[in-house]
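Everything on this sheet refers to the single structure shown next.
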Amino acid sequence: MGVIERYKDYLPISDKTPVISLEEGGTPLIKADAISQKIGEGYDVWLKYEGLNPTGSFKDRGMTVAVSKAIEEGSKAIACASTGNTSASAAAYAARSGIKCIVVIPEGAIALGKLAQALIHGACVIAIRGNFDDALSIVCELTEKYDAALVNSINPYRIEGQKTGSFEVADSLGCAPDYHSLPVGNAGNITAYWKGYNEYKSKGKINSLPKMLGFQAAGSAPIVDGHVIKDPKTLATAIKIGNPASWKQAEAARDESGGLIDKVTDDEILEAYKFLANMVGVFVEPASAASVAGIFKKAKEGYFPKNKSATRKNIVCVLTGHGLKDPDRAIKCLKHPVVVDANLDEVVKEAGLIG
Ligand code: F0G
C-alpha cells in the first residue's frame, strides 16, 4: 500500500484523483544501539531508512502526491530542478503515468546512480552550466510560461506527501520522538515532517512534538550562516544548495519546536557515513549521514542532557537516500580491494585467517 492509500484522510486526495503509486513509504525504523551509546545515557536512536523507497530516497512520498495531482489537474508534463534524487523520483513516476518529465540539473554535480535513474526512466535530462539554485529558478520560470507542472518541493503537494514520514515514525514508536534529526538542503523535508507531526497532534494521535534538528553541510549552510551562499560547496551533493526555497518554513520548524539548525563539515559527514555502514550495517548516501553527524556533534557539545528517568528518550534520524546512489563516494573514501594470485594460500593470508 502506498502513502496515498494509507494516509488518504490526511491528504488532498479525492475519488477523482488518479493515484500514481509505486508502493512508496512503509520504510523501516531501525534501532541503532551503536549510535545510542555515543549519544549518552537514557537515549535510543532510531533510523528512518528512506533509502528503501522505490527510487531509493524519501522523494517518492511527495512525488506520488505531486504527480497524481498534476495528472488530475490535466498536466501533460512535469518539470523539476534537482541535485539528483528529485529527478530520479520524478522520472520514475512520470514513466509510470505516461507523462513527459523535464529535469534540469547542475552539470557534473549529480551522483552517478541518480543520473542513471533519470535517464533510464526516460526523462528529458538537461544539464546546465550553473548550480542547483540556478536550475531551480529556470524551472520556476519554465513552469510559469509553459504547460508543465513544477514538482520541486515548493509544490505544496510534495510537502503533503512527505509529511507521511512523520506519521510512520509516530505510528512505529507509538508516540512522537523527543528529537527529530534530518539533513537540510532545499528545506522541504524539515517543513514536511514538522507539518506532519503537528497534524498528528491536532488529530490526537500523539500528545507531544519533537524538537526538530536540521543539519546543513558546512560549505552550503545558508540558514546557519544567515545569508545566501553564491557558490555552495560540499561532497554531499544532494544538499549542495545555497538558497533554499523553504528557508522561512525551516526556520519556523526550528523555532516553533525549540530545536536548531546547525552545520556539519564534510569530514564529520564522512565519519558518520562510514560509521553507519561499518557499525550499524546501513549504507546511505553522504547527505543522509548529515543527520547522524549532526547528533554526534551535538552530543559532543553536551546538547543532550543525561536522562536518568525510567522512560528513555527517542531520537529519530532520517536517512534520506540509499548509499548505492553514490557508489563513487564509497570507493573513493576506502581502500580498493587487494589483488592477489588466484590461490587459496594467498587469499587466506590476506584475510588474516590462522589455520
Ligand atoms: N537528503 C537527500 C538524499 C536529498 O536528496 C535531499 C534533497 C535532502 C536530503 C534535503 O532535503 O531539500 O527537502 O531539505 N534533494 C533535492 C533533490 C534537493 O533535488 O533531489 P530538502
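We count ligands from 1, going down the list as the structure has it; atoms in each ligand are counted the same way.
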Exercise. Do the ring planes of F167 and Y10 sit parallel (below 30°), tilted (30 to 60°) or perpendicular (above 60°)?
Worked result: tilted
For this session: For ligand 1, find out whether one of its N or O atoms is nearer than 3.5 Å to an N or O atom of N189.
Result: yes
Seminar exercise, completed: In terms of its nearest heavy atom to atom 1 (N) of ligand 1, the top option of T320, V318, T83 is T320
Problem set entry | Top protein contact for atom 11 (O) of ligand 1, by heavy-atom distance | F58 CZ, 3.5 Å
Exercise. Below 3.5 angstrom, do we get any N/O pair linking G185 and ligand 1?
Worked result: yes
Exercise. Do any nitrogen or oxygen atoms of N85 lie less than 3.5 angstrom from nitrogen or oxygen atoms of ligand 1?
Worked result: yes
Exercise. Relative to each other, are the rings of H322 and F283 parallel, tilted or perpendicular (30° and 60° limits)?
Worked result: perpendicular
For this session: Say whether G188, considering both its backbone and side-chain N or O atoms, lies within less than 3.5 Å of an N or O atom on ligand 1.
Result: yes
Exercise. Only one of Q162, E160, E24, E50 forms a side chain to side chain donor-acceptor pair (under 3.5 Å) with R61, so which one is it?
Worked result: E50
Problem set entry | Part of E285 with heavy atoms under 4.0 Å of ligand 1, whether side chain, backbone, both or neither | side chain
Exercise. Do the rings of Y7 and Y200 sit parallel, tilted or perpendicular, given the 30° and 60° boundaries?
Worked result: perpendicular
Exercise. Going by the order shown, which atoms of ligand 1 are within less than 4.0 Å of some heavy atom of I239?
Worked result: 8 (C), 9 (C), 10 (C)
Exercise. Closer than 4.0 angstrom: is that true for some heavy atom of S57 and an atom of ligand 1?
Worked result: no
Exercise. Any non-hydrogen atom of I241 lying under 4.0 Å from ligand 1?
Worked result: yes
For this session: Taking only Lys NZ, Arg NE, NH1 and NH2, and the carboxylate oxygens of Asp or Glu, determine whether E41 and K308 approach each other closer than 4.0 Å.
Result: yes
Exercise. To the nearest 0.1 Å, how far is atom 12 (O) of ligand 1 from its closest protein heavy atom, and which atom is that?
Worked result: N186 N, 2.7 Å
Exercise. Is the shortest heavy-atom distance from the side chain of R6 to the side chain of T164 under 4.5 Å?
Worked result: no
Exercise. Any N or O on A187 sitting closer than 3.5 Å to an N or O of ligand 1?
Worked result: yes
Exercise. Quick check: does S82 get an N/O under 3.5 Å from an N/O on ligand 1?
Worked result: yes
For this session: Check whether any N or O atom of S87, backbone or side chain, sits under 3.5 Å from an N or O atom of ligand 1, and answer yes or no.
Result: no
Exercise. Do any N/O atoms on Q162 end up under 3.5 angstrom from N/O atoms on ligand 1?
Worked result: no
Problem set entry | Nearest neighbour in protein (non-hydrogen) for atom 7 (C) of ligand 1 | K59 NZ, 3.0 Å
For this session: For atom 4 (C) of ligand 1, grab the closest protein heavy atom and report residue, atom and distance to one decimal in Å.
Result: A238 CB, 3.5 Å
